[in-house]
K.L.:
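A single structure is presented below for examination.
Values below: every heavy atom of this structure, side chains too, minus hydrogens, waters and symmetry copies. Residue numbers start from 1 in every chain, and the chains themselves are labelled A, B, ... in the order their sequence lines are given, proteins ahead of strands.
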Amino acid sequence: MHDIKFIKKHPSVLDDSLKKRNLAPSSSSIVRIHNEYLEHLNLKQKLLEEKNALSKSFVNKETKIEDVKAAVHKLKIKIDKLSDLAELKLKELNELILFLPNILSKKVPNGKSEKDNRILKAYGKIRNFNFKPKNHLELAENLDLLDYKKAIKISGSRFSILKNDLAKLHRGLVNFLIDNNSLEFGYEECIVPELVKSETLEGTGQLPKFKEDLFKTNFNDLYLIPTSEVPLTNFHRESIINKKDMPLKYTAYTNCFRAEAGASGLDTKGLMREHQFGKVELVTISEPEKSDLELDNMVRCVENILKKLFIPYRIVELCSGDIGFSSSYTLDVEIWMPGQNKFREVSSCSNCTDFQSRRMKMRIKNFESGEIYYPHTLNGSSLAIGRLLISILENYQNKDGSIEIPSILKEYTNGLSVISNDKKI
RNA sequence: GGAGAGAUGGCAGAGUGGUCGAAUGCACCGGUCUUGAAAACCGGCAAGGAUGCAAGUCCUUCCAGGGUUCGAAUCCCUGUCUCUCCGCCA
C-alpha cells in the first residue's frame, strides 16, 4: 500500500520504480482519482455538518419540527448521492493501489530476469568429488528415504513422503534452525496458525494479486499459508506498538502451501518445488531508520546456519525484474547442490519497508512525542527445509551412496552420524 | 452437532435514544516528593480523514453491512467472530 500524500508530492518516485520493474507508470491516474474522491468527500462533509446542526437545533423549543424534518430529508438525499460517488472513487483508487508493488530501494540493480541478479558474495569451498555425485532423488531411492508412489496415491504430484533417517534429519534440522534463530539471534520462537483470513493475506501482499498461488478452504474462507511470514508479520495488524517495544523479532516453523500455478514443468520431481514444504521463517518489525541494519542481521542469522553446516552458499542481490511484489530490497541466499551442479535459492530476505505495515495498519507510537508512524517489516527464510535437505544429501554423499550427517546436527538426530544401507545395531 | 451469552479505547469494564468519542480502574506519558527508586499526589492520554501558513475548525469511527429516527454505542434485521455448558474429538 502506498501513501497517497507521498505519491502526490513525488509522483516520479512511484513511476520510476514501476518503470524499473518493467511496469507502466500510474501516478497520474492515482492523483486524478484521488482528487475526484476529495471533491465528493469535501462536499459531503459540508452537508453533513449542516445536517448535524439541524438535528442539534431540535432541542430548541423555537424550532419548527416539520421544517427541520423536511430540511434534513433534503440533505440526506444529497448526502447519500455524494457518499456513493465518493465511495466509488475510493474503491477505484484502492483497486489500483492494492495491485501496485512496493517502491524499490535505490540499491536495487536494474534488470529483466534472474539473469541480471548480482552476486555479492560467495562463501565455502565447493567439494571436488572423485566420483560422479548423484542427485538427491537417486540417493534417496537407494537408501529408501522417499516414497513417491505412496505420495502420489494419497495426494498427487508435488507431494513427498519422507521416511526413516531422512524424516529424522528433517525433524532435527527444524530444531537446529529454531535454536539458532532464537538462542543466538534473539528471534522469539512461535508456533502459529497455518490457516489465515483473507485480510491477513492482503496485509502482507499475497492478496488480491496472487490469488491463484494460494489454496483456499471452504471453512470460513480461510487460506492455507504460503509462508509463515503471513501470520508472523500480521501479529500486530491494526494495532499500535509502543516504540519502546521495538524491534519485534519472531521465528516459526510451519508447513507452507503453494499452488505453484506458474511453475508447470519446473523441478517436477523431488523436494525442490512442492505444494507443501516445511520452512523456518524470520520476521522483524523495525524502526524505519533501522531496517537496513535489521536486514543485515537477518542475513547473518541465515549465514550462520550454513557456515555451521559447511554448505557452500552465495548471497545474491535481486534485480528489479526479479524482486517480489511487497519487497523494496531483497537478498537471496543460494546453496550449492552438486546433483544439479548449481546454486539454488534456499532463502529470500526482504525489506518490505512500510508497504505491508500500511496495508495492515500497523503503527508505532512514540508516547513521549505523541508521534505515530509506520514500521518497516522484514522477512526471510531460515531456511526452506526441503531444499536444505537436498543440499545436505548431495554435498555429504559418499561414493557408496551413503550420507554423512553434518557434525553440528548429531545432537539433534540422536547421534546419527551416517545414513547407509548397513544395518545398525 | 445441541443450548445459551457476548463483541465498546493498549487492556479490563460502565453506558439502553440528544448533554457520549464515550464513566471508572489498570497501563502509558509529564510533573511534585526522594540521594535514587518505589509508594503517594497532581496533570495528560483514541484513531483515521478533510481544510488551513498556523492556531484551529469540521467529518467519520463503540465487530461488519443494512434499516427505524430530526437525532443511534444505545432500537430492529442480516452476517461474521468470540466465549460458556453438553456431545464428539487430536
Side-chain angles (χ1 to χ4, degrees), chain A residues 1-9 30-94 97-98 171 191-203 207 216-224 231 234-248 254-255 285 354 356-375:
Chain A
M1 183 69 86
H2 299 87
D3 180 4
I4 297 257
K5 285 180 187 164
F6 179 85
I7 294 175
K8 284 181 136 171
K9 243 190 211 164
I30 288 172
V31 170
R32 177 178 50 80
I33 296 167
H34 189 249
N35 283 336
E36 288 167 358
Y37 162 71
L38 282 186
E39 263 178 57
H40 297 134
L41 182 73
N42 285 327
L43 195 50
K44 177 193 162 187
Q45 287 192 358
K46 236 179 242 169
L47 296 183
L48 270 171
E49 191 180 344
E50 272 181 53
K51 175 175 165 276
N52 289 344
L54 280 170
S55 290
K56 274 179 195 156
S57 77
F58 195 82
V59 207
N60 190 336
K61 302 148 217 144
E62 310 294 311
T63 318
K64 285 181 189 160
I65 299 173
E66 291 313 313
D67 290 355
V68 173
K69 284 188 181 181
V72 168
H73 183 71
K74 262 191 196 167
L75 279 171
K76 253 187 169 176
I77 292 171
K78 282 188 198 167
I79 290 169
D80 282 352
K81 218 180 243 172
L82 286 165
S83 231
D84 288 349
L85 286 171
E87 208 175 299
L88 217 66
K89 285 295 164 193
L90 196 62
K91 211 180 143 198
E92 200 182 328
L93 193 66
N94 272 333
I97 287 185
L98 280 174
R171 182 159 54 88
I191 291 176
V192 299
E194 295 176 17
L195 286 165
V196 296
K197 301 174 185 176
S198 61
E199 301 96 279
T200 308
L201 287 153
E202 200 170 279
L207 286 179
K216 187 179 184 181
T217 73
N218 55 14
F219 177 74
N220 291 338
D221 287 334
L222 293 176
Y223 291 79
L224 285 164
N234 275 280
F235 272 7
H236 305 274
R237 181 155 62 90
E238 282 170 53
S239 55
I240 294 178
I241 305 162
N242 191 333
K243 181 182 167 76
K244 284 187 168 171
D245 297 332
M246 302 300 286
L248 299 165
T254 65
N255 279 306
I285 298 166
D354 60 355
Q356 294 179 322
S357 53
R358 281 181 187 280
R359 282 180 165 242
M360 62 180 77
K361 298 185 179 68
M362 164 169 67
R363 288 146 295 169
I364 303 176
K365 181 163 181 174
N366 178 344
F367 281 91
E368 284 164 44
S369 66
E371 194 189 2
I372 287 172
Y373 52 99
Y374 291 93

K.L.:
Does the side chain of Lys244(A) get closer than 4.0 angstrom to OP1 or OP2 of C29(B) through an N or O atom?
P.N.:
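The answer is yes; a side-chain N or O of Lys244(A) sits under 4.0 Å from OP1 or OP2.
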
K.L.:
Protein within reach of the bases, or only the backbone? For nucleotides 42-49 of chain B, mark each nucleotide 5' to 3' as B, S or -, using heavy atoms under 4.0 Å.
P.N.:
----SSSB

K.L.:
In whole angstrom, give me the gap between the P atoms of U61(B) and G79(B).
P.N.:
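These two P atoms come out 23 Å apart once rounded.
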
K.L.:
If you find the nucleotide of RNA chain B closest to Asn242(A) and the one closest to Leu48(A), which residue's nucleotide is nearer the 5' end?
P.N.:
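Here Asn242(A) is the residue nearer the 5' end.
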
K.L.:
Tell me every residue that passes side-chain contact (heavy atoms from CB on, under 4.5 Å) with Gln45(A), counting only those two or more places apart in sequence or in another chain.
P.N.:
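For Gln45(A) the side-chain contact (heavy atoms from CB on, under 4.5 Å) partners, ignoring immediate neighbours, are Leu41(A).
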
K.L.:
With sequence neighbours left out, write down each residue that passes side-chain contact (heavy atoms from CB on, under 4.5 Å) with Glu49(A), or none if nothing qualifies.
P.N.:
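For Glu49(A), no residue satisfies side-chain contact (heavy atoms from CB on, under 4.5 Å) once neighbours in sequence are set aside.
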
K.L.:
According to side-chain hydrogen bond (donor to acceptor under 3.5 Å, both in side chains), who are the partners of Lys365(A), at least two apart in sequence or on a separate chain?
P.N.:
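Here no residue qualifies.
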
K.L.:
For nucleotides 71-83 of chain B, read 5' to 3', which letter fits each nucleotide if B means a protein heavy atom sits under 4.0 Å from the base, S means only the sugar-phosphate is that close, and - means neither?
P.N.:
S---------S--

K.L.:
His34(A): what forms a side-chain hydrogen bond (donor to acceptor under 3.5 Å, both in side chains) with it, not counting sequence neighbours?
P.N.:
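Counting only residues at least two positions away or on another chain, His34(A) forms a side-chain hydrogen bond (donor to acceptor under 3.5 Å, both in side chains) with Lys8(A).
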
K.L.:
Below 3.5 Å, can you tabulate the donor-acceptor pairs from side chains in residues 76-91 of chain A to any protein atom, sequence neighbours excluded?
P.N.:
from	atom 1	to	atom 2	distance (Å)
Ser83(A)	OG	Lys44(A)	NZ	3.1
Lys89(A)	NZ	Glu36(A)	OE1	2.8
Lys89(A)	NZ	Glu92(A)	OE1	3.4

K.L.:
Round to the nearest Å and state the distance from Lys44(A) atom NZ to C59(B) atom C1'.
P.N.:
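For the pair Lys44(A) NZ and C59(B) C1', the rounded distance is 8 Å.
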
K.L.:
List for me each residue that meets salt bridge (Lys or Arg N to Asp or Glu O under 4.0 Å) alongside Asp3(A), sequence neighbours excluded, and say none if there are none.
P.N.:
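Once residues adjacent in sequence are excluded, the partners of Asp3(A) under the salt bridge (Lys or Arg N to Asp or Glu O under 4.0 Å) criterion are Arg358(A).
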
K.L.:
Find the distance Ile77(A):CD1 to C70(B):P and express it as a whole number of Å.
P.N.:
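Distance check: Ile77(A) CD1 to C70(B) P gives 13 Å.
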
K.L.:
Defining pairs by Watson-Crick or G-U wobble geometry with both distances under 3.5 Å, how would you list the stems of RNA chain B with at least three pairs each?
P.N.:
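In RNA chain B, stems of three or more pairs: B:1-7 with B:80-86, B:10-12 with B:24-26, B:28-32 with B:40-44, B:46-51 with B:56-61, B:63-67 with B:75-79.
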
K.L.:
Show me the protein contacts with nucleotides 63-66 of chain B, counting only N or O atoms at under 3.5 Å.
P.N.:
none

K.L.:
Surrounding CG of Leu38(A) (heavy atoms of other residues, nucleotides or ligands, distance under 6.0 Å), is the total greater than 12?
P.N.:
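Counting other residues, nucleotides and ligands, CG of Leu38(A) exceeds 12 neighbours.
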
K.L.:
Take the protein atom CG of Asp245(A) and the nucleotide atom C1' of C11(B), then report the distance between them rounded to whole Å.
P.N.:
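So the CG-C1' distance, Asp245(A) to C11(B), works out to 14 Å.
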
K.L.:
Please report the closest heavy-atom contact between Pro193(A) and Val196(A), naming both atoms and the distance.
P.N.:
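Nearest heavy atoms, Pro193(A) then Val196(A): O-CG1, 4.5 Å.
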
K.L.:
Could you state the atom-to-atom distance from CG of Leu47(A) to P of C59(B) in whole Å?
P.N.:
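Rounding to the nearest Å, CG of Leu47(A) and P of C59(B) are 12 Å apart.
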
K.L.:
Can you tell me if Asn52(A) touches the phosphate of C70(B), counting only side-chain N or O atoms and a distance under 4.0 Å to OP1 or OP2?
P.N.:
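Negative; the distance criterion is not met.
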
K.L.:
So do Tyr374(A) and Arg359(A) actually touch side chain to side chain, heavy atoms under 4.5 Å?
P.N.:
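Counting from C-beta outward, Arg359(A) and Tyr374(A) never come under 4.5 Å.
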
K.L.:
Just to verify, what does His236(A) make a side-chain hydrogen bond (donor to acceptor under 3.5 Å, both in side chains) with, not counting sequence neighbours?
P.N.:
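Counting only residues at least two positions away or on another chain, His236(A) forms a side-chain hydrogen bond (donor to acceptor under 3.5 Å, both in side chains) with Tyr250(A).
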
K.L.:
Mind checking what makes salt bridge (Lys or Arg N to Asp or Glu O under 4.0 Å) contact with Asp221(A), not counting sequence neighbours?
P.N.:
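With neighbours one apart ignored, the set is Lys216(A).
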
